[in-house]
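Here's the structure we're looking at; comments come further down.
Note on naming: letters A, B, ... go to the chains in the order of the sequence lines (proteins, then strands), and numbering restarts at 1 for each one. All heavy atoms count here, side chains included; hydrogens, waters and symmetry mates do not. Everything numeric in this text was worked out from a predicted model, so none of it was measured.
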Amino acid sequence: MTSQEYIKKELQRFLDEHNLSNIEIILERPKEEAFGDYASTLALQLARHLKKNPRQIAEEIKNFITLDNRYISKIEIAGPGFINFFTSNENLYVQLSEILEKKEAYGKSSLGQGKKANIEFVSANPTGPLTIGHGRGAVLGDTIARLLKNIGYQVTREYYFNNAGRQMRVLGDSVRLRYLELCGQKVDFPEDYYQGQYIIDIAREIYNEKGDALKDENDVTYFKEFAEQVIFADIKKTIRRLGFEFDVFYNEKSLYDEGKIDQVVQQLREKGLVAERDGAVWFLTSKLGFDQDRVTIKSTGEPTYRLPDIAYHVEKIKRGFDLIIDIFGADHIATYPDVLAAVKALGYDVNKIKVLIHQFVTLYEGEEKVKMSTRKANFITLDELMDEVGVDVTRYFFLMRSMNSHLNFDLTLAKKQSDENPVFYIQYAHARICSILKLATEREIERAAKVEFNLLNSKEELNLLKHLVQFPQTIEMAALNFEPHRVVNYLFELASLFHKFYTECRVISDDLALSQARLALIDAVRIVIANGLKVLGISAPEHM
RNA sequence: GCGCCCUUAGCUCAGUUGGAUAGAGCAACUGCCUUCUAAGCAGUGGGUCGGAGGUUCGAAUCCUCCAGGGCGUACCA
């Protein structure tokens, strides 16, 4: 048991005794050292219920708690009624050995044991290479998947795409026109077609293979499918380079083939939620509290994205997931409320669906804002970014900020030198530790059978220990709240505490017992940094 | 007009779910390498937490209104 768990347990015992069990216990970590290691505001909260002076309640709580020196050394009451707990070093040493024992497993938990999660992200239609905008969603999705896995979920990474719509027809026709150019024909290339060089490359591939045999082919199908195949292969390569793979590529088409789409329309019709108007089929969202109705099937007979999206979400629920996550960019914000409303109207539990929206990535070249659009082809691809700054920096940048804040990405800065980048600060701490551990091995300093942990009692050592033991909880909070940046901040702080320790405390010295204790400590730091970076998909180098 | 996100140091952002004197990285300035990696450490300056009300013991955090920025608001996805 950790000190924190012990304190919570004792507070809970107090609440139970007073028939107040339904009050949530929150322990804070005070900023000020003088306020202890953990603080509770329970007395302040209870003042209302008990109609008593909070300081008096705090006093009662203090007297109620068993002061077990294995967990806490001191309790103080301060200010209006804060209860400040000072943990015992004893407990830190116990947990230190736990980290050393558990190694890679430290930080994992079984909160989500036996539960299945599906996380759908990227889901870009294969009309071009993945851009930096997709990159943020990709890295966020993968990292959330890793986090959920860490707390015990069985996770499916899923990519949903639609190769039947207008976008893909335009793609096919773009390739066809470029192909005709290669055949020597003069064509009018529409402005709203895909302008990128990659379209010409694909057309050239076709030309090299077929010559001008297809120059009278007016059906775009061949061109579309060829382009899709080439582009998808490219996307998969980029994803693999980013450090993961999708378990499922879910094609909208199967929903039609298996009649799932018709089924949804039928069910909505039975509920009186669709109506025909102006030759189109409308989804009567106004009946569900929205300001206007939405088209589900266009007058051309082609469904809008809404219909397959509804069917797709119903499918995901039926596939038995306990948690279904969708990750979208901010530009798709409008596309899900009515979809979820429909799923709910059909009688499914939408509470297990969590929609996460990440804000945009704005790219800067120095001061200059770079406007990007796949269609116009003035974009920077994820691959180009990784070429310039590497995978670790790429992932770190996308993860370091909360997803609902806009991300400014200064390319020239990232390109020119990466020393300033905080990812190196964390990796450097890891490399430094590895190098000390290596030296210890070279000098044949064995790990003592029984390390004298109590030699670790300087401010730097204790601060490091106190932060180390926060790791499992940090992972848990990051996973449950879908907030990878918490792990980033945690690791940055850990690295900072380590670097401070490093300048103040010499690890390998003439004092063998102390050296062994400190080697144990830094090994634990190494383990936690490595585990943390692994969750983020960032490498933990041994040399730098 | 309506919906979602944002507004915290010169810049980019955190802020442990409502707590005590609001933090970090860049940038600026000043120190520290003969010893385990200076991609590091220590220090200085820098703030009306966009504004105004409200809720309460207590607000950067919750509510209302206002201002500014972003993204949407399709028979595109």
Original post:
Pick the nucleotide of RNA chain B nearest each of A:Lys500 and A:Ile333; which residue has the one closer to the 5' end?
Top reply: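 Looking at the nearest nucleotide for each, A:Ile333 comes out on the 5' side.
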
Subject >> Pairwise 5' ranking along RNA chain B for A:Val295 and A:Ile357, keeping only the more 5' one >> reply: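 Closest to the 5' end, via its nearest nucleotide, is A:Ile357.
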
Taking only the [atom1] atom of each, what is the distance from [N] to [M] in whole angstrom?
N     : M     : atom1 : value
B:C2  : B:G58 : C1'   : 36 Å
B:C71 : B:U55 : C1'   : 32 Å
B:G69 : B:G25 : C1'   : 24 Å
B:A74 : B:C65 : C1'   : 32 Å
B:C41 : B:C26 : P     : 9 Å

Reckon [X] has a side-chain N or O less than 4.0 Å from the OP1 or OP2 of [N]?
X        : N     : result
A:Lys31  : B:A20 : yes
A:Tyr502 : B:C33 : no
A:Arg306 : B:A77 : no
A:Thr503 : B:A38 : no

What nucleic acid atoms does [X] come within less than 4.0 Å of, heavy atoms only: base, sugar-phosphate, or nothing?
X        : answer
A:Glu252 : nothing
A:Ala431 : base
A:Asp291 : nothing
A:Ala47  : nothing

Original post:
So, does the side chain of A:Ser299 form a donor-acceptor pair with the base of B:C75 at under 3.5 Å?
Top reply: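 Counting by modelled atom types and ignoring angles, a donor-acceptor contact under 3.5 Å is found here.
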
Original post:
Is any side-chain N or O of A:Asn481 under 3.5 Å from a base N or O of B:U17, one able to act as donor and the other as acceptor?
Top reply: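 Under the 3.5 Å cut-off, the side chain and the base do form a donor-acceptor pair.
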
**OP:** Specify the glycosidic conformation (syn or anti) of B:C33, with syn defined as within 90° of 0.
**Re:**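 This nucleotide is in syn.
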
Original post:
With syn defined as a glycosidic torsion within 90 degrees of 0 and anti otherwise, which applies to B:U7?
Top reply: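 B:U7: anti.
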
Taking only N/O atoms, report every protein-nucleotides 55-58 of chain B pair under 3.5 Å with atom names and distance.
residue: B:C57; atom: N4; partner: A:Arg48; partner atom: NH2; Å: 3.3

**OP:** For the pair A:His134 (side chain) and A:Thr131 (backbone), establish whether a donor and an acceptor sit closer than 3.5 Å, ignoring hydrogens and angles.
**Re:**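 Answer holds: yes.
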
**OP:** Compare every heavy atom of A:Glu252 with every heavy atom of A:Pro308, then report the nearest pair and how far apart it is.
**Re:**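 So the minimum-distance heavy-atom pair works out to CG-OE2, 3.2 Å.
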
Subject >> Stems formed with participation of RNA chain B [Watson-Crick or G-U wobble, under 3.5 Å, three or more pairs] >> reply: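 Stem list for RNA chain B: B:1-7 with B:67-73, B:10-13 with B:23-26, B:28-32 with B:40-44, B:50-54 with B:62-66.
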
Subject >> A:Lys316 bridged to A:Glu120 by N-O distance under 4.0 Å >> reply: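 Yes, A:Lys316 and A:Glu120 are salt-bridged.
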
Tabulate below the donor-acceptor pairs under 3.5 Å that side-chain atoms of residues 333-341 of chain A make, not counting sequence neighbours, or state none.
residue: A:Thr335; atom: OG1; partner: A:His332; partner atom: O; Å: 2.8
residue: A:Asp338; atom: OD2; partner: A:Arg306; partner atom: NH1; Å: 2.8

